[in-house]
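So the structure is just underneath, and the comments pick up after that.
Just the heavy atoms: all of them, side chains too, but no hydrogens, waters or symmetry mates, feed the values below.
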Amino acid sequence: MDSGKPSLTSLEENAGVRIKLDVGGAHFSTTLTTLTKVKGSFFEAMFTRWKAIQQDDGFVFIDRDPTHFRHILNFLRGVPLYLPHLSDMDLEELLEEATYYHLETLQRAIKNFKSSSRSGFMLGPRYEVSLAENFADPFTMI
């Protein structure tokens with residue numbers, strides 16, 4: 001039965017498709033390209049192997065606390081994250097979310113930041129096509 005909704009599993013055909021996410025009741029919008037940048041991540045698996053299910057309202061539901069999801073999404077978008085304003089508790093929670101979503105580069109960055117002096121640390125992935133590639137220095141110290 002064809003619901004009229006585009007298939008979320010064909011990356012080539014739907015790369016620029018806007019994806020509406022409901023993360024623990026908070027709504028976010030992004031593109032399929034952004035969500036699938038990191039090979040092996042929760043999102044890449046969700047939209048390529050698990051066949052994400054759109055709800056009747058058009059949202060894909062993720063049963064997680066939305067508190068730090070904007071940081072996760074901005075990281076995937078390549079927006080630098082400025083970490084010093086986060087409390088120790090927020091950093092622990094963000095690390096937990098990065099671990100859940102299988103974002104190893106973000107996990108390493110948070111761990112490095114926690115072990116640093118915590119001043120002037122900004123992280124942002126340096127990528128052109130995919131964050132999954134290994135980079136010698138994926139973070140910027142300012």
Query - Pairwise distance CZ(R18) to OG(S29) - rounded to 0.5 angstrom - result: 4.0 Å

Requested in this report: Could you walk me through whether M46 and L35 pass side-chain contact (heavy atoms from CB on, under 4.5 Å), step by step?
Outcome: CA-CA 9 Å; M46 175 182 241; L35 289 173; over 6 Å; no

Query - Path from L76 to L95 over hydrophobic side-chain contacts below 4.5 Å - result: yes

Query - Positive for side-chain contact (heavy atoms from CB on, under 4.5 Å) with F43, one of I62, L73, T34 - result: I62

Query raised in the report: When rounded to the nearest 0.5 angstrom, what is the spacing between CD1 in I19 and OG1 in T31?
Result: 8.0 Å

**Report entry** Separation between CG of D90 and CD1 of I110, rounded to the nearest 0.5 Å
**Finding:** 11.0 Å

Query raised in the report: Listed by chain and number, what are the side chain to side chain contact (heavy atoms under 4.5 Å, CB included) partners of H27, not counting sequence neighbours?
Result: D22, F59

Query raised in the report: How would you list, by chain and number, every residue that makes a side chain to side chain contact (heavy atoms under 4.5 Å, CB included) with D65, sequence neighbours excluded?
Result: T67

**Report entry** Set of ring-ring contact (aromatic ring centres under 6.0 Å, His included) partners for F28, sequence neighbours left out
**Finding:** F69

Query - Partners passing side chain to side chain contact (heavy atoms under 4.5 Å, CB included) against E104 (at least two apart in sequence or in another chain) - result: Q107, R108

Query raised in the report: Rounded to the nearest 0.5 Å, how far does CG of L81 lie from CG of L86?
Result: 8.5 Å

Query raised in the report: So, E97 and H68: side-chain donor and acceptor under 3.5 Å apart, yes or no?
Result: no

Report summary line: When rounded to the nearest 0.5 Å, the distance separating CZ of F75 from OH of Y101 is 14.5 Å

Query raised in the report: When rounded to the nearest 0.5 angstrom, what is the spacing between CZ in R64 and CG in L21?
Result: 14.0 Å

Report task. Have a look at V38 and tell me which of L103, L106, T105 forms a side-chain contact (heavy atoms from CB on, under 4.5 Å) with it. Result -> L103

**Report entry** All side-chain hydrogen bond (donor to acceptor under 3.5 Å, both in side chains) counterparts of H71, not counting sequence neighbours
**Finding:** none

Query raised in the report: Side-chain contact, heavy-atom cut-off 4.5 Å: R77 with T30?
Result: yes

Query raised in the report: Residues two or more places apart in sequence or in another chain: which of them pass side-chain hydrogen bond (donor to acceptor under 3.5 Å, both in side chains) with E96?
Result: none

